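These figures come from a predicted structure and were not determined experimentally. Order of listing sets the numbers, starting from 1, for every ligand and every atom in it.
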Amino acid sequence: MTRNGQAATIPDDAILTPSARELLQDLEASGAKAIAAAASAPAVKAASETLAPPAKKLNSKSPKSELEAFFNSPYANSLKEQICEMGHRLWKRAYVDGNGGNMAIRVGEDIALCTPTLVSKGSLKPSDMCLVDFEGNQLCGTKKRTSEILMHLQMMKKQPKAFATCHCHPPYATAFAVAGIAPPTCMLPEYEVFCSVGVAPYRTPGSPDMGKLVADLTDEYNTILMANHGVVTWSHNNIEEAYWRMEIIEAYCRTIVVAGQLGKPINTFTGPQMKELLNIKQSLGFVDPRIGMKECELCDSGEWRPGATSPTTESGSPSIGLDPEAEAAVKAITDQILAQMK
Ligand SMILES: [Zn+2]
């Protein structure tokens, strides 16, 4: 209508997508009749768009009424919506199973928004979200907070830059976590720039010990494989970036597993190529223990490579049933026990 010179009337409360708003602004700029109100109508927020946080920083000791007001503020609501959007993406990509997976966002000195327990990430709603203090005590929200919150909070306490954290069980990356292998490096640029991967040993999910082992890795790594469990990531920017790390490590693990089946040697980056990627990484403010290393040190590790067989019976690793002396001793003891039982 505007293009044809008609006075299009767009209701005051109309919600315009960013591209629609841009189109209207372009039409206005090109002299066509546009509606000022429409151009200033609020756009639908992209997940990565965040409202400015409130000027007053709250903490766990703030009055209950202020915490409640904050919890229901437009800022907190925009973060809740972002968490839901990421939850839906995690579920659609089959990175979570049952009620698995959880996320948190730091919103004050020692408080964080987080996902509830026992809710599928596929059906997450903003009204499901919780506010907790850094000890895991729930401050606001009607649903109970996730049982794995301690790990997220310990990460935030240990790594002051961690603004958002995301945990899930993407199958390919989790397979590496089950095998106890850090994915080999120097093969794909996205992975090198966005992820720095450390491996934390297994502990019971939700236990303080688990949280500590993960938190201790956050100085140098933003993506942590949790042995026999899954992956947890953090971002200094927003929850979507923490989520992106999941997509990137999962795609990477899947790609190298397939590459290993092609029957050809795998090509890797040279030291100088790798150095360039790490320079980009550094400029984006991402951590990586390799930043500052010499080029020749970047890609020469003897870790597992796609297509290679893990050396389980070589290099002096113990193998069962090959020591005749021990076998004889075991047999003697077994015979004795059996004789006693008779
Ligand atoms: Zn988990």
Side-chain angles (χ1 to χ4, degrees), residues 82-106 112-124 128-130 132 134-136 138 141 143-159 162 164-183 195-218 221-235 239-254:
Q82 287 175 32
I83 294 177
C84 290
E85 158 93 30
M86 295 314 122
H88 300 163
R89 289 199 215 166
L90 288 171
W91 188 85
K92 284 185 197 148
R93 280 191 166 263
Y95 292 176
V96 285
D97 32 85
N99 62 308
N102 27 77
M103 284 167 277
I105 299 180
R106 183 199 296 265
L113 283 174
C114 72
T115 48
T117 189
L118 296 172
V119 175
S120 163
K121 300 305 149 302
S123 56
L124 211 52
D128 293 334
M129 298 305 144
C130 315
V132 291
F134 269 19
E135 301 312 312
Q138 187 145 351
K143 291 233 163 84
K144 190 180 182 307
R145 55 47 166 194
T146 167
S147 61
E148 289 189 272
I149 190 62
L150 285 182
M151 175 176 73
H152 298 263
L153 299 171
Q154 281 169 284
M155 290 170 76
M156 288 176 185
K157 279 197 246 182
K158 187 80 204 302
Q159 173 51 272
T165 51
C166 178
H167 163 61
C168 65
H169 314 142
Y172 283 84
T174 303
F176 278 81
V178 169
I181 302 167
C195 299
S196 318
V197 180
V199 183
Y202 179 80
R203 291 293 187 278
T204 305
S207 65
D209 208 13
M210 178 78 258
K212 186 185 182 309
L213 288 166
V214 167
D216 283 346
L217 292 168
T218 53
Y221 305 101
N222 57 28
T223 305
I224 294 145
L225 282 185
M226 303 158 69
N228 297 80
H229 185 161
V231 188
V232 61
T233 58
W234 66 268
S235 162
I239 188 69
E240 187 170 25
E241 188 179 84
Y243 165 79
W244 283 349
R245 299 210 152 95
M246 291 299 177
E247 285 195 355
I248 293 165
I249 189 174
E250 180 65 353
Y252 184 75
C253 289
R254 197 169 157 190

Practice problem: Would you name the heavy atoms of Asp128 and Ser123 that are closest together and state the gap between them? | Solution: OD2-O, 4.0 Å

Quiz item: To the nearest 10 degrees, how large is the angle at the Zn ion (ligand 1) between His167 NE2 and His229 NE2?
Solution: 100°

Quiz item: N/O/S of Cys168 less than 2.8 Å from the Zn ion (ligand 1)?
Solution: no

Quiz item: Excluding sequence neighbours, so at least two apart, what forms salt bridge (charged side-chain N to carboxylate O under 4.0 Å, His left out) with Lys144?
Solution: none

Listing, residues 200-208 side-chain donor-acceptor contacts under 3.5 Å, not counting sequence neighbours, or none:
from	atom 1	to	atom 2	distance (Å)
Arg203	NE	Asp209	OD2	2.8
Ser207	OG	Thr204	O	2.7
Ser207	OG	Met210	N	3.3

Self-check item: Lys/Arg N to Asp/Glu carboxylate O, Glu250 vs Arg254, below 4.0 Å
Solution: no

Quiz item: Can you name the N/O/S atom of Glu148 that is nearest the Zn ion (ligand 1)?
Solution: OE1

